[in-house]
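Numbering of ligands and ligand atoms starts at 1, following listing order. Because only heavy atoms are used, hydrogens play no part in the values below, and waters and symmetry mates are left out as well, while side chains stay in. We're numbering straight along the sequence, starting at 1.
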Amino acid sequence: MNSADNRPIAFLDLAAQQARLGPALRARIDAVLAHCRFVMGPEVTELEDRLAQWCGAAECVAVSSGTDALQIVMMAEGIGRGDAVFLPAFTYTATAEVPLVLGAVPVFVDVDPDTFQIDPEHLRARIRAVREAGVLRPRAIVGVDLFGQPAPWDALRAIAQEEALFLLADCAQSFGAELHGKPLGREATATTLSFFPSKPLGGYGDGGAILTDDPERAALYRSLRTHGEGTTRYEVLRTGMNGRLDTLQAAVLLAKLDDFARELTRRDEIATQYDKGLAHVAQVPVRVPDSRSAWAIYAILLKDSAARDALQARLKEKGVPSAIYYPLPLHWQPAYRPHHDGTPMPVSEALAGRILALPIHPELTDEDVARVIAAVCAQEG
Ligand SMILES: *Cc1c(COP(=O)(O)O)cnc(C)c1O
């Protein structure tokens, strides 16, 4: 192996992406520096229009982060004390954090062992149990498109309707993904996005958005985003927050959107190369039928945690980065354990020990991908 083969591979290569986007990105940033409308400048509205158009949603409200997007949507529904919000035990912490911030309780649901998405049968059982216990009022379901693949939206919509629950789509990891040939973004009453730098469409700082087809809800989200303001700036109609997206972030995202379709195609190619090269040594991602992932994360499953940890150490030696999403299911997190009723979540618990994410950003070359595959397949020792 020559020295070029040991050049470290980046888990996420924002510098290479920046170099590639180059002048387009600078021009967008310079335009903001020229007009100085750093808060709610014209780029914010332009971005909202482009994002709504991308998924065919009627409305888009750009906000300060994916977490704040979740909070604004739940505030608009009046979710708070005494309410139960059903969500997967295997997801990023923000999904569970927001109900707690608002005084509600996250009720964890286990996930499917193949797709890692929320398990609709377990969701039904959890809703039934909460109704029978009679302590919390079931209010909402949060579906999460984990790793960029769609949650079982058809089943979640049916359950939400039968149970008269609000359905929120946490698409922080899946903007750009498709289900039944259509972009995700209209699967639930409200959809939240994140533009954290590591997400498929990432900014240069925090950012997020809310998509909806309901103009009344969109108006409420806009009010909540700016301190609950009314028709004039100094009329406060409701308790809101400072949840706006910076103009500079909108400018960066607009430049990135121009190349986003190509990036998604590249991510999908890399995933296919990994599938072919790795299926004989690990469980590769099981595709949700009739969908295309945004590939926020490409995660393989090893046979147990010893095998996973050993592989991660070997990869590190070879300059191949990897990451564990997520090392703990949420119901085991110290902050959330006291709110959990003790129901075991065997699939989420097992996944946390066996999962390993490999680099999948669009700047990876075919040679990089081949090196990752070779490193994963190399025998121990
Ligand atoms: C990243 C993420 C969020 C939070 O988004 P931020 O923009 O970081 O606040 C919420 N939910 C999921 C599933 C995420 O992956």
Side-chain angles (χ1 to χ4, degrees), residues 11-12 14 47 51 60-75 85-102 106 108-109 111 115-118 140-153 156 167-177 184-185 187-188 190-211 221 225 241-246 249-250 252-253 256 267 288 293-299 323-331 333 335-336 348 351-352 355 357 360-361:
F11 195 77
L12 178 69
L14 295 178
L47 178 69
L51 295 172
C60 175
V61 181
V63 299
S64 39
S65 70
T67 306
D68 290 345
L70 290 167
Q71 182 165 334
I72 288 171
V73 170
M74 289 191 209
M75 284 170 86
V85 177
F86 298 86
L87 52 94
F90 198 64
T91 176
Y92 183 60
T93 178
T95 319
E97 170 186 29
V98 173
L100 284 165
V101 165
L102 297 176
F108 296 108
V109 179
V111 298
T115 63
F116 315 153
Q117 308 296 327
I118 192 168
I141 300 166
V142 185
V144 177
D145 297 324
L146 197 77
F147 299 166
Q149 291 217 83
W153 290 114
L156 295 183
L167 183 61
L168 196 170
D170 181 345
C171 292
Q173 302 182 3
S174 64
F175 181 70
L184 289 184
E187 303 299 325
T191 293
T192 59
L193 310 180
S194 165
F195 308 125
F196 186 80
S198 63
K199 309 286 174 165
L201 180 64
Y204 289 167
D206 284 304
I210 309 166
L211 299 160
Y221 301 155
R225 159 176 83 175
M241 55 198 281
N242 179 353
R244 292 169 298 232
L245 180 75
D246 288 339
Q249 292 306 334
V252 168
L253 291 164
K256 289 207 183 184
R267 284 177 186 266
V288 169
S293 179
W295 295 113
I297 289 167
Y298 183 97
I324 298 172
Y325 304 111
Y326 296 93
L328 276 186
L330 291 182
H331 63 295
Q333 287 288 359
Y336 304 145
S348 302
L351 287 178
I355 205 153
I360 191 160
H361 57 80

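Of all heavy-atom pairs spanning Pro150 and Asp145, the tightest one is CA-OD1, 3.3 Å.
For the side chain to side chain contact (heavy atoms under 4.5 Å, CB included) with Phe147, the qualifying choice from Thr115, Thr91, Ile360, Ile355 is Ile355, the only one to do so.
Taking the centre and axis of the six-membered ring of Phe175, the NZ or CZ atom of Lys256 falls outside the cone set by 45° and 6.0 Å.
The aromatic rings of Tyr325 and Phe11 sit tilted relative to each other, their planes meeting at an angle between 30° and 60°. Using the six-membered ring where Trp is involved, Tyr326 and Phe90 have ring planes that are perpendicular, over 60° apart on the 30 and 60° scheme.
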In a simple table, one pair per line, please give the protein and ligand 1 atom names for every N or O pair closer than 3.5 Å, along with the distance.
from: ligand 1; atom 1: 5 (O); to: Ser194; atom 2: OG; distance (Å): 3.3
from: ligand 1; atom 1: 7 (O); to: Gly66; atom 2: N; distance (Å): 2.8
from: ligand 1; atom 1: 7 (O); to: Ser194; atom 2: OG; distance (Å): 2.6
from: ligand 1; atom 1: 9 (O); to: Gly66; atom 2: N; distance (Å): 3.4
from: ligand 1; atom 1: 9 (O); to: Thr67; atom 2: N; distance (Å): 2.8
from: ligand 1; atom 1: 9 (O); to: Thr67; atom 2: OG1; distance (Å): 2.5
from: ligand 1; atom 1: 11 (N); to: Asp170; atom 2: OD1; distance (Å): 3.3
from: ligand 1; atom 1: 11 (N); to: Asp170; atom 2: OD2; distance (Å): 2.7
from: ligand 1; atom 1: 15 (O); to: Gln173; atom 2: NE2; distance (Å): 2.8
from: ligand 1; atom 1: 15 (O); to: Lys199; atom 2: NZ; distance (Å): 2.6

Full working for side-chain contact (heavy atoms from CB on, under 4.5 Å) between Val61 and Arg225: CA-CA 9 Å; Val61 181; Arg225 159 176 83 175; 3.5 Å; yes
